[in-house]
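In this text the structure is predicted, and so the values were computed from the model without any measurement. Below, each value reflects all heavy atoms present in this structure, side chains not excepted, and no hydrogens, waters or symmetry copies.
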Amino acid sequence: MAITLYGTSWCSDCKRSKQFLGEQRIAYDYIDVDADTDGRAVVQSHNGGKDIIPTIVFDDGSVLTEPSNAELAAKLGVQTVAQRGFYDLIVVGSGPAGLTAALYAAREGLAVLVVERGGIGGQAGITERLDNFPGFPEGVTGADFADRLRRQAERFEVEILAAQEVTSIEVDGQYRSITTGDGRSYAAFAVLLTLGSTYRRLGIDGEDELIGAGVHFCATCDGAFYRGKKVAVIGGGNSAGEESVFLTRFASEVTIITRDPALSASQVVVQKVEENPQISVVTGVNPTGYATDGGKVVGVIVERDGVAETIPADGVFVFIGLSPNNALVKDLVDLDPAGFIVADVGMQTSVPGLFVAGDVRSGSTKQAASATGEGAAAALAIRRYVEPLASGVRPSMVDIPMSV
């Protein structure tokens, strides 16, 4: 499906729509109507002469103006409502840990629902390439890896909802229930939290206003907007190095900026960076702000030994580590001092029937390969937990209506 999104860099709804399409890994063309008079004319022609953005035009001639994520999901055929009201297991999140647990549990005969607020595959799905996952000697793109996991889970009849937010989790006796953003509730014997993590922000002046308008956290999603331009990558680890190499497919120049005296990435990644003539590295500087012109990023302001300078860049990609996505359960389960969810050796949290795996678990390695292992271990522990509860008449075998 060919899709063209007409918007501007300062439009928050345009940013949201672009993020949604990126998370779902749906290709689209973007036209900035501030810089393209023909594009602005197209917007006006679809909106009675008015400048209403985002305006999204599809190849079948249909148009969505200022659509919600739910409207976009419906147009694109993304399933957001589950088929039943009760499952043996509900998995919140669809990264490698979540999908592996889902297919293992379903293969053991459990009825499984996976609910994902973004795109299937989690952080792995939007990673440019996985070179260290066992079984892929030539590497595998994040998108292909996520698609393979999804197909395998669906082969075992796992039901998957994408673009659906879980807003709350409740405990009621032997049952655990979730409520989604559309007001529906689904119950289960067990819930597995594979909430993942989010790229940490710098927290410097102007960052929040510039996210999606010059400041980014996903090279796969937004790199194509910088064809022939200069970009900066902030961070010195593996993610910063790998994504910098990926960005050279589009950008003419990539500058890596790190506070450390040298890159902290693995030797393999450092070698890739050093061998790429489009990449330069600036070490030992502290980013303090963004240089802008007319609301658009034109550089990164850094400080070295008390002296400020500006490194030119049309866009900035930030890769400085991860923060746990714990907001859904931070007042429900035990957390470690960094905010990651604490679990026992069976992946169960401090609340019986609530399990955790993957990046959000305290002590996890934040690697795709180990996340799949955690998902498998969690599924086996969940099976042992669910079997005694499901030994009678299973609510999952009954047509229980969803609450709305």
Polar side chain donor-acceptor pair, Asn325 to Thr198, under 3.5 angstrom: yes
Are any of the side-chain heavy atoms of Val33 and Thr8 separated by less than 4.5 Å? yes
When rounded to the nearest 0.5 angstrom, what is the spacing between CG in Leu103 and CG in Leu149? 7.5 Å
Would you call Arg176-Glu170 a salt bridge at under 4.0 Å N-O? no
Would you check if the side chain of Thr179 reaches a backbone N or O of Gly183 as a donor-acceptor pair within less than 3.5 Å? no
Are any of the side-chain heavy atoms of Lys330 and Leu335 separated by less than 4.5 Å? yes
So for atom CZ, which belongs to Arg16, do other residues, nucleotides or ligands contribute more than 12 heavy atoms lying within a distance under 6.0 Å? yes
Closest non-hydrogen contact found for Ser197 with Leu322 is OG-CD1, 3.3 Å
Taking the side chain as every heavy atom from C-beta outward, state whether Ile256 and Ile279 have any pair of such atoms under 4.5 Å apart. yes
Check this for me: does any side-chain nitrogen of one of Lys296 and Asp293 sit under 4.0 Å from a carboxylate oxygen of the other? no
Just by distance, with hydrogens left out, do Ser177 and Ser185 show a side-chain donor and acceptor under 3.5 Å apart? no
Between Arg201 and Asp208, is there a side-chain N and carboxylate O pair less than 4.0 Å apart? yes
Does Arg40, at its CZ atom, have more than 12 non-hydrogen atoms belonging to other residues, nucleotides or ligands within less than 6.0 Å? no
Test side-chain contact (heavy atoms from CB on, under 4.5 Å) on Lys50 and Gln44; report intermediate values, then the result. CA-CA 5 Å; Lys50 298 178 180 178; Gln44 293 173 344; over 6 Å; no
Residues 57-66, side-chain donor-acceptor partners within the protein, below 3.5 Å, at least two apart:
{"residue": "Asp59", "atom": "OD2", "partner": "Ala2", "partner atom": "N", "Å": "3.1"}
{"residue": "Asp60", "atom": "OD1", "partner": "Ser62", "partner atom": "N", "Å": "2.9"}
{"residue": "Asp60", "atom": "OD1", "partner": "Ser62", "partner atom": "OG", "Å": "2.5"}
{"residue": "Asp60", "atom": "OD2", "partner": "Ser62", "partner atom": "OG", "Å": "3.4"}
{"residue": "Asp60", "atom": "OD2", "partner": "Lys75", "partner atom": "NZ", "Å": "2.8"}
{"residue": "Ser62", "atom": "OG", "partner": "Lys75", "partner atom": "NZ", "Å": "2.8"}
{"residue": "Thr65", "atom": "OG1", "partner": "Asn47", "partner atom": "OD1", "Å": "3.1"}

Rounded at 0.5 Å granularity, tell me how far OG1 in Thr167 sits from CG in Asp182. 9.0 Å
Presence of salt bridge, Asp147 and Arg151, under 4.0 angstrom: no
Would you call Lys366 and Phe340 a side-chain contact if the rule is heavy atoms closer than 4.5 Å? yes
First locate atom CG of Asp336, then atom CZ of Arg361, and finally report the distance between them rounded to the nearest 0.5 Å. 10.5 Å
Donor-acceptor under 3.5 Å (Asp88 side chain, Ala111 main chain): yes
Under a 4.5 Å cut-off applied to non-hydrogen side-chain atoms, are Ile320 and Ile234 in contact? yes
May I ask you to decide if Phe217's main-chain N or O and Asp222's side chain share a donor-acceptor pair within less than 3.5 Å? no
Restricting to non-hydrogen atoms, name the atom on Arg150 and the atom on Ile120 that form the minimum distance, rounded to 0.1 Å. NH1-CG1, 3.2 Å
Side-chain donor-acceptor pair present, Tyr385, Gln348, cut-off under 3.5 Å: no
Under 3.5 Å, side chain of Gln164 to main-chain N/O of Thr80, donor-acceptor pair present? yes
Pi-cation contact, Tyr30 with Lys18 (under 6.0 Å, within 45°): yes
Counting neighbours of CG on Asp205 that are heavy atoms of other residues, nucleotides or ligands and sit closer than 6.0 Å, is the number greater than 12? no
Side-chain donor-acceptor pair present, Asn286, Arg304, cut-off under 3.5 Å: no
Can you list the steps and then say if Ile257 with Val302 is a side-chain contact (heavy atoms from CB on, under 4.5 Å)? CA-CA 9 Å; Ile257 300 170; Val302 300; 4.1 Å; yes
CG/Asn238 to CG/Asn132 distance, rounded to the nearest 0.5 angstrom? 8.5 Å
Looking only at non-hydrogen atoms, find the nearest pair between Ala146 and Leu99 and report the distance. O-CD1, 4.5 Å
Distance col, row Ile56:CD1 vs Thr4:OG1, nearest 0.5 angstrom, shows 10.0 Å
From Leu354, Ile169, Leu328, Val342, residue fulfilling side chain to side chain contact (heavy atoms under 4.5 Å, CB included) relative to Val333: Leu354
Does either side chain, that of Glu275 or that of Gln271, offer a donor lying less than 3.5 Å from an acceptor on the other one? yes
For the backbone of Lys230 and the side chain of Glu253, can you confirm whether one donor and one acceptor N or O come within less than 3.5 Å of each other? no
With a 4.5 Å heavy-atom cut-off, do Cys14 and Tyr6 have their side chains touching? no
Side chain Thr194, main chain Ala97, donor-acceptor under 3.5 Å: no
Give me the ring orientation class for Phe317 and Phe319: parallel if the planes are under 30° apart, tilted from 30 to 60°, perpendicular past 60°. parallel
Check the pair Glu159 / Gln79 against side-chain contact (heavy atoms from CB on, under 4.5 Å), numbers first and verdict last. CA-CA 9 Å; Glu159 188 177 347; Gln79 182 183 352; 3.1 Å; yes
Can you check side-chain contact (heavy atoms from CB on, under 4.5 Å) on Val270 and Val273, steps first, answer last? CA-CA 5 Å; Val270 171; Val273 169; 5.7 Å; no
Please evaluate residues Arg148 and Asp144 with respect to the criterion salt bridge (charged side-chain N to carboxylate O under 4.0 Å, His left out), reporting the C-alpha separation (whole Å), side-chain torsions for both, the decisive distance (0.1 Å), and the verdict. CA-CA 6 Å; Arg148 287 168 180 256; Asp144 186 29; 3.2 Å; yes
Please find the pair of heavy atoms, one from Pro287 and one from Leu202, that lie closest to each other, and give the distance. CB-CD1, 4.3 Å
Using a 3.5 Å distance criterion without hydrogens, assess whether the side chain of Asp32 forms a donor-acceptor pair with backbone atoms of Asp34. yes
Can you name the closest pair of heavy atoms from Thr283 and Ala262 and give their distance? CG2-CA, 4.1 Å
With no hydrogens and no angle check, do the side chains of Tyr226 and His216 hold a donor and an acceptor under 3.5 Å apart? yes
Check for a donor-acceptor pair, side chain of Asp172 on one end and backbone N or O of Tyr175 on the other, with a separation under 3.5 Å. no
Residues Glu242, Lys272: salt bridge by 4.0 Å N-O rule: yes
Is there side-chain contact between Leu192 and Val92, with heavy atoms separated by less than 4.5 Å? no
Donor-acceptor pair, Tyr104 side chain versus Leu380 backbone, under 3.5 Å? no
If you compare all heavy atoms of Asp13 against all heavy atoms of Pro54, which two are closest, and at what distance to 0.1 Å? CB-CD, 3.6 Å
Please check this pair: side chain of Thr288 against backbone of Glu303, looking for a donor-acceptor N/O pair closer than 3.5 Å. no
Ring pair (Phe, Tyr, Trp, His ring centres under 6.0 Å) between Phe86 and Phe189, intermediate numbers included: CA-CA 9 Å; Phe86 190 93; Phe189 288 124; 5.0 Å; yes
Measuring from Asp359:CG to Glu374:CD, what's the distance to the nearest 0.5 Å? 8.5 Å
May I ask you to test the Ile341-Val329 pair for a side-chain heavy-atom distance under 4.5 Å? yes
